[in-house]
Amino acid sequence: MKRIYSHIIYTCLTIILLAGCKSDYPYIEYEGNPGKVEFDNIESLIPIMVAIDDPLYKNHTRGVGIFGNAADENLTKDIHVYAFYTPEGIAGVPSHSDYNARMDSKDYDKYLCLIDDTENEGIGHGKRARLNQNMPSFLQWADSGNVYYNNTYPQYRYKFFAYHIDDAAEMNNAPNRYADYVSYDIEIDGTQDLMCGFARPTNQQLEKIESLSSPSNKDFINNLEELTYSTESARRDLIPVFNMEHHLTYIKFKLKADRDDGGYLDSTEYKKIHVRNIIIKDIPYKGEFIVAAEDTNQLGITFSTNHLTNFYIPTRDKDGFLVKGNDKGFLEPLIPDTILQDVGAGFLLPPAKKYALEMNYYIENEHNKEERFQIFNLIRNKGFEAGNQYEVTINVQGFRKI
């Protein structure tokens, strides 16, 4: 994630916003009308393999959500996968899709859903998958049983979708499945990492396909869009690779005793300041998360501005597990030092142009604790964008009258 920095000054505290795979390919004879791709039927079933773009883990993770710092923890995070028939194919194929159809559908509509959870929970979610320990970019099915490409209709094309919903939805309930999209009613509290994406061929995959020399391959390349992803593309090891995107912005706070002008720091002053809590005010927390759609531009979250709440900075418990914040704040108030320290675990928020932030602290005098708070705006001209991480460093110079 890129880090972006800007500045805000507060008179008592200076607050700075910093801001599997085969080695060979079968020879497939091609006969018939050059304007229509036709392939010999190959009866053997082809297992469906899926993968995630590797840079996701290194560049886009927030460290406390779907992919933490521990590799073994990452392997337990659920990613759900759908695959639905799309009519964007060659002439002669059915002209409609149905994202409400199930994988176990019967008779004429059996081709409409290639992957969901029918063989397992059967609620209507995408099929569960997790990171593969032996092949880092590949996903392995978390539930028993493989899924296979459609051998009855080898040229029918499917769109593949993957999503991680954390605990923002009640997974014992079915999602909302309509004719052209699937969505969840979500509720966030500042700790969930919501991701989704759809599969597209990578440049490396396209280069590999173009290097094949079989007579039918030229016709496949000419009809690549119409045949991706299908049984025919699978026979060329064109594995769906998901380009996953985070749909929330991550704001992380730091605390330090420092001066911008390099002047003298009096520890007897700045150590009087104790930070209790950080609160983001009036945040929309309910919305609709579209995780699969015939029109892929619909993917993402729409939050309801009718439902607003305050987010208290998340923390970690004694065992290191992430927990949402509360009005009591930190178990132990934070005292600034000349060494930079983390403040809580950071917020995951809906993207916005600005946020209203409240900081609660007290100044410890000889005989009492003077409770204080300050509300100010975090503003960035380009806004706080989904998938980006922003750092807020609280620079404490010492007590001054506001």
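Here, residue 1 is the first one in the sequence, and each next residue gets the next number. Every heavy atom of this structure was used, including side-chain atoms; hydrogens, water molecules and symmetry mates were not.
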Quiz prompt | Cation-pi check, Arg236 onto Phe220 ring (under 6.0 Å, within 45° of axis) | solution = yes
Quiz item: Under a 4.5 Å cut-off applied to non-hydrogen side-chain atoms, are Glu364 and Lys271 in contact?
Solution: no
Quiz item: So, does Asn277 use its side chain to make a donor-acceptor pair with the main chain of Asn326 at under 3.5 Å?
Solution: yes
Quiz item: Distance from Leu308 atom CG to Ile283 atom CD1, nearest 0.5 Å?
Solution: 8.0 Å
Quiz prompt | Intermediate values then yes/no, side-chain contact (heavy atoms from CB on, under 4.5 Å), Ile379 and Lys353 | solution = CA-CA 6 Å; Ile379 302 174; Lys353 286 287 186 182; over 6 Å; no
Quiz prompt | Steps toward side-chain contact (heavy atoms from CB on, under 4.5 Å) verdict (Leu238, Leu224) | solution = CA-CA 10 Å; Leu238 187 53; Leu224 179 66; 4.1 Å; yes
Self-check item: Tyr184 ring center near Tyr163 ring center (under 6.0 Å)
Solution: yes
Exercise. Taking His307 for its side chain and Thr305 for its backbone only, find out whether a donor-acceptor pair lies under 3.5 Å.
Key: no
Practice problem: Would you give the length of the straight line joining atom NZ of Lys110 to atom OG1 of Thr152, rounded to the nearest 0.5 angstrom? | Solution: 7.5 Å
Quiz item: CG/Leu348 to NZ/Lys252 distance, rounded to the nearest 0.5 angstrom?
Solution: 10.5 Å
Practice problem: Inspect the surroundings of CG in Asp327 and state if more than 12 heavy atoms from other residues, nucleotides or ligands are less than 6.0 Å away. | Solution: yes
Quiz item: What pair of heavy atoms forms the shortest contact from Pro240 to Ala199, and how long is it?
Solution: CB-CB, 3.7 Å
Practice problem: Going by the salt bridge (charged side-chain N to carboxylate O under 4.0 Å, His left out) test, name the single residue among Arg276, Arg372, Lys281 that passes it with Glu358. | Solution: Lys281
Exercise. Taking all non-hydrogen atoms of both residues into account, name the closest pair between Gly190 and Pro314 and its distance.
Key: O-CG, 3.7 Å
Self-check item: Contact summary for Gln341 and Pro336, nearest pair of heavy atoms
Solution: NE2-CA, 3.9 Å
Quiz item: Does Asp337 come within less than 4.0 Å of Lys256, counting only side-chain N to carboxylate O?
Solution: no
Exercise. Determine the minimum heavy-atom distance between Thr228 and Pro201, stating which atoms define it.
Key: CG2-CG, 3.9 Å
Quiz item: Is Asn365 reaching over with its side chain to a backbone N or O of His367, donor-acceptor style, under 3.5 angstrom?
Solution: no
Quiz item: What pairs with Asn150 under side chain to side chain donor-acceptor pair (under 3.5 Å), at least two apart in sequence or on another chain?
Solution: Tyr158
Exercise. Could you walk me through whether Val147 and Val81 pass the side-chain contact (heavy atoms from CB on, under 4.5 Å) test, one step at a time?
Key: CA-CA 11 Å; Val147 284; Val81 177; over 6 Å; no
Quiz item: Out of Thr249, Asn377, Asp282, which one pairs with Tyr355 under the side-chain contact (heavy atoms from CB on, under 4.5 Å) rule?
Solution: Thr249
Quiz item: Roughly how far apart are Phe373 CZ and Asn360 CG, rounded to 0.5 Å?
Solution: 7.5 Å
Quiz item: Judged by atom type as modelled, is there a donor-acceptor pair below 3.5 Å linking the side chain of Asp295 to the main-chain atoms of Asn297?
Solution: yes
Self-check item: Heavy-atom side-chain contact between Val50 and Tyr229 under 4.5 Å
Solution: no
Quiz item: Hey, would you say the Tyr153 and Tyr111 ring centroids sit under 6.0 Å apart?
Solution: yes
Quiz prompt | Ile123 backbone acceptor or donor facing Asp117 side chain under 3.5 Å | solution = yes
Quiz item: Do Leu45 and Asn146 have side-chain heavy atoms sitting under 4.5 Å apart?
Solution: no
Quiz item: How many angstroms lie between OG1 in Thr309 and OH in Tyr285, if you round to the nearest 0.5 Å?
Solution: 6.0 Å
Self-check item: Closest contact, heavy atoms only, Ala257 versus Leu265
Solution: O-CD1, 3.6 Å
Practice problem: Report the C-alpha distance between Phe330 and Ile313 in whole Å, list the side-chain angles of each, state the deciding distance to 0.1 Å, and finish with yes or no for side-chain contact (heavy atoms from CB on, under 4.5 Å). | Solution: CA-CA 9 Å; Phe330 304 115; Ile313 193 164; 3.8 Å; yes
Quiz item: Does some side-chain heavy atom of Ser230 sit less than 4.5 Å from a side-chain heavy atom of Gln155?
Solution: no
Practice problem: Any chance you could lay out the side-chain hydrogen bond (donor to acceptor under 3.5 Å, both in side chains) test for Glu170 and Asn173, step after step, and finish with the verdict? | Solution: CA-CA 6 Å; Glu170 177 49 69; Asn173 298 331; 5.3 Å; no
Quiz item: Could you state the interatomic distance from CZ (Phe289) to CD1 (Ile188), rounded to the nearest 0.5 Å?
Solution: 11.0 Å
Quiz item: Counting only N and O atoms by type, is there a donor-acceptor contact under 3.5 Å from the side chain of Lys159 to the main-chain atoms of Ala293?
Solution: no
Practice problem: Taking the side chain as every heavy atom from C-beta outward, state whether Leu349 and Tyr390 have any pair of such atoms under 4.5 Å apart. | Solution: no
Quiz item: According to the interplanar angle, ranging from 0 to 90°, do the rings of Phe253 and Phe347 count as parallel (below 30°), tilted (30 to 60°) or perpendicular (above 60°)?
Solution: perpendicular
Quiz item: With a 4.5 Å heavy-atom cut-off, do His274 and Leu334 have their side chains touching?
Solution: no
Quiz item: Taking C-beta and beyond as the side chain, do Phe161 and Val182 meet within less than 4.5 Å on heavy atoms?
Solution: no
Quiz prompt | Name of the residue among Arg177, His125, His80 meeting side chain to side chain donor-acceptor pair (under 3.5 Å) with Asp116 | solution = Arg177
Exercise. Looking only at non-hydrogen atoms, find the nearest pair between Ala169 and Ile186 and report the distance.
Key: CB-CG2, 4.4 Å
Quiz item: Under a 4.5 Å cut-off applied to non-hydrogen side-chain atoms, are Ile280 and Ile251 in contact?
Solution: no
